[in-house]
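Let me begin by presenting the structure, written as structure tokens, before commenting on it.
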Amino acid sequence: MGTTHEVDDSMRVRLRLARPSDGERVRAFLETLSPETRHRRFFSAMPTVGERMVRHFTYFDPRERLIVVAAAMTDGTEQIVGLADVALLETGVAELAVVVDDQLQHQGVGKLLTEVIASLAMHQGATHLRAQLLEHNAPMLALMERLGRTERTARDGVIEVITKLPEAQRRAAA
Ligand SMILES: CC(C)(COP(=O)(O)OP(=O)(O)OC[C@H]1O[C@@H](n2cnc3c(N)ncnc32)[C@H](O)[C@@H]1OP(=O)(O)O)[C@@H](O)C(=O)NCCC(=O)NCCS
């Protein structure tokens, strides 16, 4: 984290932990997401972005939950273009969810976010990452499969995906 990454020819993205002062940036990001992207992330069209949702992404106890933002500078203003959250459970499982700006999808931002989240989760002792996906979410499935051996279970149109984090990397993270 901390380094910048080029995601297309003109934009550089930096990954960092979210902070309370990100409230308006998080709101602006969530409000620009298409209904399809919101549905895939929140399992609902979420027509309005409430204060509770904004706080979810800006206030967290790092022993229990981590929120990573992908931020880009546009005209001297920092803008959030991706958001990943992970809840660290005592079982060694870390529950992951990710969302990327519609205009920037398929350019590697999701890959950056999931790699950083996996590494942070491993540092906190996680052995597995879990995510809930709607059916046909091939990009998110591909991102999980990149991280390690992945198994999926389908129930009522939702797929639970669980990825075993590689042992060698876990040892390096410890
Ligand atoms: C899922 C999501 C976060 C991915 O972000 P992204 O920035 O587009 O992801 P990337 O560009 O880094 O990588 C996408 C991967 O999916 C693959 N992919 C894309 N479309 C695909 C398809 N139709 N079939 C198979 N793989 C596909 C890409 O090849 C890439 O894999 P690779 O790195 O092994 O080549 C983004 O699409 C999103 O915000 N979706 C809506 C929210 C969501 O579905 N969240 C997941 C539920 S928590």
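Both ligands and their constituent atoms are indexed starting at 1 by order of listing.
Atom 32 (P) of ligand 1 has as its closest protein heavy atom Arg146 CD, 4.0 Å. Nearest non-hydrogen protein atom to atom 30 (C) of ligand 1 is Ala142 CB, 4.6 Å. Here the protein heavy atom with the shortest distance to atom 46 (C) of ligand 1 is Met140 CG, 3.5 Å. Of the protein's non-hydrogen atoms, Ala138 CB, 4.0 Å is the one closest to atom 23 (N) of ligand 1. Among protein heavy atoms, atom 21 (C) of ligand 1 sits closest to Pro139 CG, 4.0 Å. Atom 38 (C) of ligand 1 has its closest protein heavy atom at Gln105 NE2, 3.5 Å. Here the heavy atom of the protein found nearest to atom 8 (O) of ligand 1 is His106 N, 2.7 Å.
Only the backbone of Gln107 comes within 4.0 Å of ligand 1, judged by heavy-atom distances. Of all the heavy atoms of Leu112, none lies under 4.0 Å from any atom of ligand 1, so neither backbone nor side chain is involved. With a 4.0 Å heavy-atom cut-off, ligand 1 is reached by the side chain of Leu143 but not by its N, CA, C or O.
Taking 4.0 Å as the cut-off between side-chain N and carboxylate O, Lys111 and Glu115 do not count as a salt-bridged pair. Looking at Arg155 and Glu160, no side-chain N of the basic residue comes within less than 4.0 Å of a carboxylate O on the acidic one, giving no salt bridge.
Crowding of Glu151 atom CD: a count of heavy atoms from other residues, nucleotides or ligands under 6.0 Å not exceeding 12.
The two atoms that bring Val86 and Ala94 nearest to each other are CG2-CB, 3.5 Å, heavy atoms only.
Polar contact with ligand 1: present for Lys111 (N/O pair, distance under 3.5 Å). Checked by distance only, ligand 1 and Val98 come closer than 3.5 Å through their nitrogen or oxygen atoms. Close N/O approach between Gly110 and ligand 1 is found [any backbone or side-chain N/O within under 3.5 Å]. Residue-to-ligand polar distances keep Gln132 apart from ligand 1: every N/O pair is separated by 3.5 Å or more.
Using modelled atom types, one finds a donor on one side chain and an acceptor on the other under 3.5 Å when comparing Thr37 with Gln105.
Proximity of atom 19 (C) of ligand 1 to the protein is indicated by at least one non-hydrogen atom lying closer than 4.0 angstrom. Counting protein heavy atoms under 4.0 angstrom from atom 28 (C) of ligand 1 gives zero.
Residue Gly108 approaches ligand 1 through these ligand atoms, each under 4.0 Å from one of its heavy atoms: 10 (P), 11 (O), 12 (O). Interface atoms of ligand 1 facing Ala97, defined by a heavy-atom separation under 4.0 Å, are 48 (S). Heavy-atom contacts of Asn137 reach the following atoms of ligand 1: 43 (C), 44 (O), 46 (C) (cutoff under 4.0 Å).
Residues satisfying the side chain to side chain contact (heavy atoms under 4.5 Å, CB included) criterion with Ala18, sequence neighbours excluded, are Asp22, Phe60, Ile67, Val69.
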